[in-house]
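Below: the structure, in structure tokens.
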Amino acid sequence: MKTHIVCGSHRANSQGMKVAKYVAAQIEKKGGQASITDLHHNTLPLWDEGMWNDDPKWAPIWGPIEAKLKEADSLIFVTPEYDGMSPAAMKNFFLFIAGGEDTVAHKPALIIAVSASRGGSYPVFELRGSSYKNAKQVYIPEHVLVQEAQKILNDGPSSGPADDYIRKRIDYTLDLLAEYEKCLKPLRASGKINYKDYPNGM
Ligand SMILES: Cc1cc2nc3c(=O)[nH]c(=O)nc-3n(C[C@H](O)[C@H](O)[C@H](O)COP(=O)(O)O)c2cc1C
């Protein structure tokens, strides 16, 4: 299992990154490999048309992230809920991968939403509804809501039943993601995907 995790939090030391690191460690424990892109602090500036014209300014910024996406068999998008939305950094990220046929297209993707309170559903709905048309990642039906994030997935033992539950749920979801990896690999190799005539979704 080779998974690239993208964390859409805008804040340094975010709960999103705490979750991303926890998930990465779990993947490694299962014998997989995980890497993380932390989008906070303008890691990826706002997309501009230079991306269409091979403007050399983008190569050192986008190149290393793109390489990680290309290597990955699966993706995890960790999105906080900001004002009932997935944050701008997360949405900006999808502008870069749209059209990148061998980055995330037809690879399984898991959404993990992070909320300080009982939220998280809105960003899940938003990513499921609007981020995949041209990038073509395949969101698996399971997602994870990390609610009251400050209280759970902290270093050390579980803090109680809510923490136990989410740890088990993440474990289960990562196992499923690994199975989707196996299922979708032959699909990508099938020769049935036609990027030349149909680069973008309808
Ligand atoms: C600008 C902003 C808006 C937020 N709006 C919401 C919200 O609508 N719903 C919610 O559950 N949490 C909201 N939060 C709290 C986040 O859920 C909280 O910061 C959580 O730790 C995830 O964000 P983080 O990864 O940046 O830490 C907001 C946080 C920020 C910074």
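Whatever order the structure lists ligands and atoms in, that order sets their numbers, starting from 1.
Other residues, nucleotides and ligands contribute only 12 or fewer heavy atoms inside 6.0 Å of the OH atom of Tyr132.
Checked against a 3.5 angstrom limit, the closest N/O atoms of Met17 and ligand 1 fall outside it. Polar contact check, Gly84 against ligand 1: a nitrogen or oxygen pair lies under 3.5 Å apart. For a threshold of 3.5 Å applied to N or O pairs, the pair formed by Arg11 and ligand 1 contains at least one separation below that value. For the pair Gly16 and ligand 1, the shortest N or O to N or O distance falls below 3.5 Å.
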**Message:** Go through it in stages, so that I can follow the logic: the residues are Glu142 and Arg169, the test is salt bridge (Lys or Arg N to Asp or Glu O under 4.0 Å), and I'd like the CA-CA distance, side-chain angles, deciding distance and then a yes or no.
**Reply:** CA-CA 10 Å; Glu142 283 288 334; Arg169 191 80 193 217; 2.9 Å; yes
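The nearest heavy-atom contact from the protein to atom 14 (N) of ligand 1 is Glu81 O, 3.2 Å. The nearest protein atom to atom 25 (O) of ligand 1, hydrogens excluded, is given as Ser9 OG, 2.5 Å; this is a heavy-atom distance. At the top of the distance list for atom 29 (C) of ligand 1, counting protein heavy atoms only, stands Tyr82 CD2, 3.5 Å. Among protein heavy atoms, the minimum distance from atom 23 (O) of ligand 1 is reached at Pro80 CB, 3.3 Å. With hydrogens left out, the protein atom closest to atom 10 (C) of ligand 1 is Ser115 OG, 3.7 Å, a heavy atom.
Close approach of ligand 1 to Ser14 is summarised as follows: ligand atoms under 4.0 Å from at least one heavy atom of the residue are 24 (P), 25 (O), 26 (O), 27 (O). Residue Ser117 has at least one heavy-atom neighbour below 4.0 Å for each of these atoms of ligand 1: 10 (C), 11 (O).
Checked against Val19 for a side-chain contact (heavy atoms from CB on, under 4.5 Å), the options Ile5, Leu153, Ile76 give a single hit: Leu153.
Salt-bridge formation is detected for the pair Arg167/Asp163: a Lys NZ or Arg NE/NH1/NH2 atom is positioned less than 4.0 Å from an Asp or Glu carboxylate oxygen.
In this structure, the ring of Tyr180 has its center no less than 6.0 angstrom from the ring center of Tyr139. Between Phe96 and Trp58, the distance from one ring center to the other falls under 6.0 angstrom. Between Trp62 and Trp47, the ring center distance fails the sub-6.0 Å criterion.
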